[in-house]
Peer 1: 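Here you go, one structure.
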Amino acid sequence: MAVLVTGGAGYIGSHTVVALHDSGREVVVVDNLSNSTQRAVDALRELTTPDLVFVELDLCDRRAVSALFSHHDIDSVVHFAALKAVSESVKLPLEYYFNNLMSTIVVLQAMVDYGVNRFVFSSSCTVYGQPDEIPVTEKAPTGAQSPYGHSKHMCEQILADAADAADINVVSLRYFNPVGAHHSSMIGEDPLGIPNNLVPRLMQVADRRIDCLPVYGGDYDTPDGTAIRDYLHVVDLAEAHVLALGALSGGLQGWTAVNVGTGVGSSVLEVIDAAELVIGSPVPYEIVDRREGDIAMIWADPGLAEQVLGWRSTRTLNDMLRDHWNWQCRCES
Ligand code: NAD
Ligand code: WQD
């Protein structure tokens with residue numbers, strides 16, 4: 001029996017494929033390579049097994065997904081496939097709603113048709129918006145602020161309804177800010193063009209592809225005036241998926257939302273300081289206006305992840321930045 005990993009050639013999916021393989025699970029990887037490459041699939045085969053099953057298909061294609069379930073012995077699904085850029089989603093809301101909702105519905109329907117009932121979903125702390133209380137728990141009200149965030153919240157609602165009606169058991173992992181790369185430097189995040197996210201952009205400044213890092217906002221109500229996030233190592237995050245599948249196999253029922261974060265917030269300036277130590281050279285930056293739509297601060301209460309999944313993060317901000325930097329240097333060479 002295999003775990004179907006959708007979006008498994010992407011950033012978080014690829015690390016999870018390795019973690020699942022390392023835990024002894026058989027994996028079927030599906031991706032349409034719209035935001036990933038065959039190179040990532042080749043690297044995955046090197047890190048796992050040359051026999052790793054990879055199927056290139058679009059998860060919005062109902063027939064193709066049904067055929068996939070009929071050809072493979074799938075007992076659970078980890079669903080990463082989605083479009084994920086917040087600012088792009090504001091410009092292309094229909095593409096985001098179509099892809100993110102439709103792929104989820106199509107996969108769920110195939111699960112119903114083939115009697116598969118364990119599902120792990122890639123949700124996001126973006127569903128909270130700016131919470132009133134920090135650290136944020138899963139009980140906090142939701143308040144997504146972009147089409148991307150709404151699409152994640154809507155998928156959670158669809159999954160909760162499917163859990164009720166179709167006996168599908170779901171863990172919805174609400175990721176905070178994943179960064180870093182596998183210690184082998186063979187897989188990692190490889191964004192096209194100038195990245196939007198802090199750490200990939202900072203790394204491109206460090207290797208002089210970009211002159212200067214814009215720091216969005218120096219006047220937040222935080223100790224150093226810059227915004228605070230809960231950065232977490234992508235390998236820690238990958239391991240949370242293995243544990244979520246274990247919890248479902250162990251009898252966790254219904255729909256459960258679980259924060260996946262370290263519980264520690266770092267400001268933009270703290271991340272820059274830590275990166276300079278890891279890289280060994282200064283990272284030029286300039287404080288500019290706040291970025292529209294950004295919140296001042298958020299970090300997770302990761303208590304439920306420990307209680308329900310037995311998960312907690314083990315890797316530090318330095319580990320994240322070192323592994324991200326090593327991956328970036330390898331990509332360049
Ligand atoms: P990614 O873009 O690297 O990976 C997503 C993969 O899904 C890509 O390889 C893409 O080609 C594939 N894909 C997209 N639509 C598809 C479709 N219709 N059919 C088949 N494949 C399709 O993104 P990621 O950073 O690895 O994110 C994975 C998941 O985690 C996403 O659902 C994202 O919304 C969620 N998430 C990401 C972050 C983050 O900061 N990276 C934070 C919270 C949640
Ligand atoms: C982090 C901090 C920026 C770039 C996004 C999505 C969220 C989730 C994770 C998917 C913020 C600041 C950034 C730069 C900067 N993804 N920054 N200069 O915005 O917390 O979360 O990714 O679900 O939904 O919104 O992450 O890395 O973009 O920003 O100063 O060049 O770094 O303002 O305070 P964010 P990020």
Side-chain angles (χ1 to χ4, degrees), residues 5-16 29-37 40-41 55-61 64-65 78-87 89 95-96 98-104 106-107 121-129 144-146 148-149 151-152 155 172-179 187-192 194-202 204-205 210 212-218 220 222 226-232 234 237-238 241 260-261 265-269 271-272 285-298:
V5 180
T6 79
Y11 174 44
I12 307 168
S14 58
H15 289 82
T16 304
V29 179
V30 167
D31 204 298
N32 65 0
L33 303 184
S34 60
N35 197 38
S36 48
T37 58
V41 178
V55 183
E56 186 175 341
L57 64 75
D58 190 326
L59 291 149
C60 299
D61 180 340
V65 173
V78 186
H79 183 46
F80 292 100
L83 300 174
K84 63 157 182 177
V86 172
S87 55
S89 80
E95 283 82 345
Y96 271 67
F98 183 83
N99 191 65
N100 294 1
L101 299 183
M102 191 57 78
S103 61
T104 304
V106 166
V107 172
F121 179 63
S122 293
S123 189
S124 168
C125 67
T126 202
V127 300
Y128 295 118
Q145 291 170 356
S146 66
Y148 165 72
S151 78
K152 288 285 156 188
C155 283
S172 192
L173 295 177
R174 293 177 172 169
Y175 315 156
F176 281 66
N177 289 54
V179 296
I187 51 173
E189 189 171 23
D190 195 6
L192 293 169
I194 295 182
N196 292 314
N197 295 117
L198 176 64
V199 170
R201 194 155 182 177
L202 184 160
Q204 292 200 1
V205 175
I210 305 174
C212 181
L213 177 73
V215 172
Y216 296 130
Y220 284 108
T222 59
T226 63
I228 297 178
R229 299 288 185 272
D230 185 339
Y231 299 94
L232 107 132
V234 67
L237 174 56
H241 295 77
V260 189
S266 305
S267 74
V268 177
L269 292 183
V271 174
I272 295 173
Y285 70 85
E286 183 188 2
I287 297 186
V288 299
D289 288 346
R290 294 179 180 191
R291 185 171 65 178
E292 205 184 322
D294 271 355
I295 59 170
M297 56 180 142
I298 188 167

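Just so you know, ligand 1 is whichever comes first in the structure, and atom 1 is the first atom listed for that ligand.
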Peer 1: Does Met102 have a non-hydrogen atom less than 4.0 Å from ligand 1?
Peer 2: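 Distance cut 4.0 Å: Met102 fails for ligand 1.
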Peer 1: Any nitrogen or oxygen of Asn32 lying under 3.5 Å from a nitrogen or oxygen in ligand 1? Just yes or no.
Peer 2: yes
Peer 1: Do any N or O atoms from the side chain of Ser266 and from the backbone of Val271 form a donor-acceptor pair under 3.5 angstrom?
Peer 2: no
Peer 1: I'd like to know if the side chain of Lys152 and the backbone of Asn100 have a donor-acceptor N/O pair within less than 3.5 Å.
Peer 2: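 No, because the side chain of Lys152 does not come within donor-acceptor range (under 3.5 Å) of the backbone of Asn100.
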Peer 1: Can you check whether Phe176's main-chain N or O pairs, donor with acceptor, with Asp230's side chain at less than 3.5 Å?
Peer 2: no
Peer 1: How long is the gap from CG on Leu213 to CD on Glu286, to the nearest 0.5 Å?
Peer 2: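 The CD atom of Glu286 is 10.0 Å from CG of Leu213, to the nearest 0.5 Å.
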Peer 1: Below a 4.0 angstrom heavy-atom separation, can you tell me which part of Leu213, side chain or backbone, both or neither, approaches ligand 2?
Peer 2: side chain
Peer 1: Applying a heavy-atom cut-off of 4.0 Å, say which part of Tyr231 lies close to ligand 2: side chain, backbone, both or neither.
Peer 2: side chain
Peer 1: Classify the contact between Val86 and ligand 2 as side chain, backbone, both or neither, using a heavy-atom distance cut-off of under 4.0 Å.
Peer 2: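 Side chain only; the backbone of Val86 stays clear of ligand 2.
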Peer 1: What atoms of ligand 2 come within less than 4.0 Å of a heavy atom belonging to Tyr148?
Peer 2: 10 (C), 23 (O), 24 (O)
Peer 1: Hey, which atoms in ligand 2 end up nearer than 4.0 Å to a heavy atom of Ala227?
Peer 2: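 The atoms of ligand 2 under 4.0 Å from a heavy atom of Ala227 are 34 (O).
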Peer 1: Which atom names give the shortest non-hydrogen contact between Tyr11 and Gly188, and what distance separates them?
Peer 2: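 Minimum heavy-atom contact is CD1-C, 3.6 Å.
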Peer 1: Supply the atom-to-atom distance Ile12 CD1 to Leu237 CG, rounded to the nearest 0.5 angstrom.
Peer 2: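 Rounded to the nearest 0.5 Å, the CD1-CG separation comes to 5.0 Å.
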Peer 1: Should Asn99 be counted as touching ligand 1, given the test is an N or O pair under 3.5 Å?
Peer 2: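 Yes, since at least one N or O of Asn99 sits under 3.5 Å from an N or O of ligand 1.
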Peer 1: Identify the two heavy atoms, one from Val106 and one from Cys60, that lie closest to each other, and give their separation to 0.1 Å.
Peer 2: CG2-O, 4.0 Å
Peer 1: Does some side-chain heavy atom of Asn196 sit less than 4.5 Å from a side-chain heavy atom of Ser87?
Peer 2: yes
Peer 1: Quick one: does Thr6 get within less than 4.0 Å of ligand 1, heavy atoms only?
Peer 2: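 It does not; every heavy atom stays at 4.0 Å or beyond.
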Peer 1: With atoms numbered from 1 as shown, which atoms in ligand 1 lie under 4.0 angstrom from a non-hydrogen atom of Leu57?
Peer 2: 19 (N), 20 (C)
Peer 1: Among Ile187, Val41, Val29, Val234, whose side chain to side chain contact (heavy atoms under 4.5 Å, CB included) with Ser14 holds?
Peer 2: Ile187
Peer 1: Distance check, rounded to the nearest 0.5 Å: Tyr216 atom OH versus Glu292 atom CD?
Peer 2: 12.0 Å
Peer 1: What distance separates Phe121 CZ from His241 NE2, expressed to the nearest 0.5 Å?
Peer 2: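 Rounded to the nearest 0.5 Å, the CZ-NE2 separation comes out at 10.0 Å.
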Peer 1: Give the residue, atom name and distance (to 0.1 Å) of the protein heavy atom nearest atom 39 (C) of ligand 1.
Peer 2: Pro178 CG, 3.6 Å
Peer 1: Where's the contact between His79 and ligand 1, heavy-atom distance under 4.0 Å: side chain, backbone, both or neither?
Peer 2: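 The answer is neither.
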Peer 1: May I ask you to identify the nearest protein heavy atom to atom 8 (C) of ligand 1, giving residue, atom name and distance to one decimal place in Å?
Peer 2: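 Looking at atom 8 (C) of ligand 1, the protein heavy atom closest to it is Asp31 OD2, 3.5 Å.
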Peer 1: When you measure from atom 29 (C) of ligand 1 to each heavy atom in Tyr231, Phe80, Tyr11, Phe98, which option holds the nearest one?
Peer 2: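 Looking at heavy atoms only, the winner is Phe80.
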Peer 1: Any non-hydrogen atom of Ala40 lying under 4.0 Å from ligand 1?
Peer 2: no
Peer 1: May I ask you to list the atoms of ligand 2 that are less than 4.0 angstrom from any heavy atom of Thr126?
Peer 2: 24 (O)
Peer 1: Relative to atom 33 (C) of ligand 1, which among Phe176, Phe121, Tyr148 owns the nearest non-hydrogen atom?
Peer 2: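 When every heavy atom of Phe176, Phe121, Tyr148 is considered, Tyr148 comes closest to atom 33 (C) of ligand 1.
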Peer 1: Between Leu57 and Val65, is any pair of side-chain heavy atoms under 4.5 Å apart?
Peer 2: yes
Peer 1: So which heavy atom in the protein is nearest atom 30 (O) of ligand 1, and how far is it from that ligand atom?
Peer 2: Tyr175 CE1, 3.3 Å
Peer 1: At what distance is the nearest protein heavy atom to atom 5 (C) of ligand 1, and which residue and atom is it?
Peer 2: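 Protein heavy atom at minimum distance: Ala82 O, 3.9 Å.
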Peer 1: Who gets closest to atom 22 (O) of ligand 2 by heavy atom: Ile298, Ile228, Asn197?
Peer 2: Asn197
Peer 1: First locate atom OG of Ser123, then atom OH of Tyr175, and finally report the distance between them rounded to the nearest 0.5 Å.
Peer 2: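 Spacing of OG (Ser123) from OH (Tyr175) equals 8.5 Å.
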Peer 1: Is Ser36 close to ligand 1, meaning an N/O of one under 3.5 Å from an N/O of the other?
Peer 2: yes
Peer 1: Atom 2 (O) of ligand 1: which protein heavy atom is closest, and how many Å away?
Peer 2: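 Atom 2 (O) of ligand 1 sits closest to the protein heavy atom Asn35 ND2, 2.7 Å.
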Peer 1: Please identify which atoms of ligand 1 are closer than 4.0 Å to at least one heavy atom of Lys152.
Peer 2: 31 (C), 32 (O), 33 (C), 34 (O)
Peer 1: Starting from atom 27 (O) of ligand 1, what is the nearest protein heavy atom, named by residue and atom, and what distance separates them?
Peer 2: Ile12 CD1, 3.8 Å
Peer 1: Which bit of Val268 is near ligand 2, meaning a heavy atom under 4.0 Å away: side chain, backbone, both or neither?
Peer 2: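 The answer is the side chain of Val268.
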Peer 1: Lys84 versus ligand 2: do any nitrogen or oxygen atoms come within less than 3.5 Å of each other?
Peer 2: no
Peer 1: Hey, do the aromatic rings of Phe80 and His15 have their centres closer than 6.0 Å?
Peer 2: no
Peer 1: Near Val215, which atoms of ligand 2 are under 4.0 Å from a heavy atom of that residue?
Peer 2: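 Close to Val215: 30 (O).
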Peer 1: Hey, which atoms in ligand 1 end up nearer than 4.0 Å to a heavy atom of Ser34?
Peer 2: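 Listed by number with element: 10 (C), 11 (O), 13 (N), 14 (C).
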Peer 1: Using a strict 4.0 Å cut-off to heavy atoms of Ala81, name the atoms of ligand 1 that fall inside it.
Peer 2: 7 (O), 13 (N), 16 (C), 21 (N), 22 (C)
Peer 1: Working note: Asp294 + Arg229, criterion side chain to side chain contact (heavy atoms under 4.5 Å, CB included); need CA distance, chi angles, decisive distance, verdict.
Peer 2: CA-CA 11 Å; Asp294 271 355; Arg229 299 288 185 272; 4.1 Å; yes
Peer 1: Does only the side chain of Asn196 get under 4.0 Å from ligand 2, or the backbone, or both, or neither? Count heavy atoms.
Peer 2: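 For Asn196, the contact with ligand 2 is made by the backbone alone.
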Peer 1: Heavy-atom count around Tyr285 OH within 6.0 Å, excluding the residue itself: above 12?
Peer 2: no
Peer 1: Please check this pair: side chain of Tyr96 against backbone of Ala85, looking for a donor-acceptor N/O pair closer than 3.5 Å.
Peer 2: yes
Peer 1: Return the residue, atom name and 0.1 Å-rounded distance of the protein heavy atom closest to atom 19 (N) of ligand 1.
Peer 2: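 It is Leu59 N, 3.0 Å.
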Peer 1: Hey, which atoms in ligand 1 end up nearer than 4.0 Å to a heavy atom of Asp58?
Peer 2: 17 (C), 18 (N), 19 (N)
Peer 1: For atom 7 (C) of ligand 2, which candidate among Gly217, Ser89, Ser124, Ala82 holds the nearest heavy atom?
Peer 2: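 It is Ser124 whose heavy atom sits nearest to atom 7 (C) of ligand 2.
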Peer 1: Which residue and non-hydrogen atom of the protein lie closest to atom 4 (O) of ligand 1, and at what distance in Å?
Peer 2: Gly10 CA, 3.5 Å
Peer 1: Once you restrict to heavy atoms under 4.0 Å, what part of Val30 touches ligand 1? Side chain, backbone, both or neither.
Peer 2: neither
Peer 1: Considering both backbone and side-chain atoms of Glu189, is one of its nitrogen or oxygen atoms within less than 3.5 Å of a nitrogen or oxygen in ligand 1?
Peer 2: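 In this structure, Glu189 places no N or O atom under 3.5 Å from an N or O of ligand 1.
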Peer 1: Can you list the atoms of ligand 1 that are under 4.0 Å from a heavy atom of Leu33?
Peer 2: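 Heavy-atom distances to Leu33 below 4.0 Å select 11 (O).
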Peer 1: Where on Ser123 is there a heavy atom closer than 4.0 Å to ligand 1, on the side chain, on the backbone, on both, or on neither?
Peer 2: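 For Ser123, only backbone atoms sit under 4.0 Å from ligand 1.
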Peer 1: Is a side-chain N or O of Asn197 found less than 3.5 angstrom from the main chain of Val199, in a donor-acceptor match?
Peer 2: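 Looks like no, no N/O pair under 3.5 Å.
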Peer 1: I'd like to know whether Thr6 forms a side chain to side chain contact (heavy atoms under 4.5 Å, CB included) with Ser103, so could you lay out the CA-CA distance, the side-chain angles of the two residues, the decisive distance to 0.1 Å, and finally the verdict.
Peer 2: CA-CA 9 Å; Thr6 79; Ser103 61; over 6 Å; no
Peer 1: For residues Gly13 and Val5, report the shortest heavy-atom separation together with the two atoms involved.
Peer 2: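 The pair with the smallest heavy-atom distance is O-CG1, 4.3 Å.
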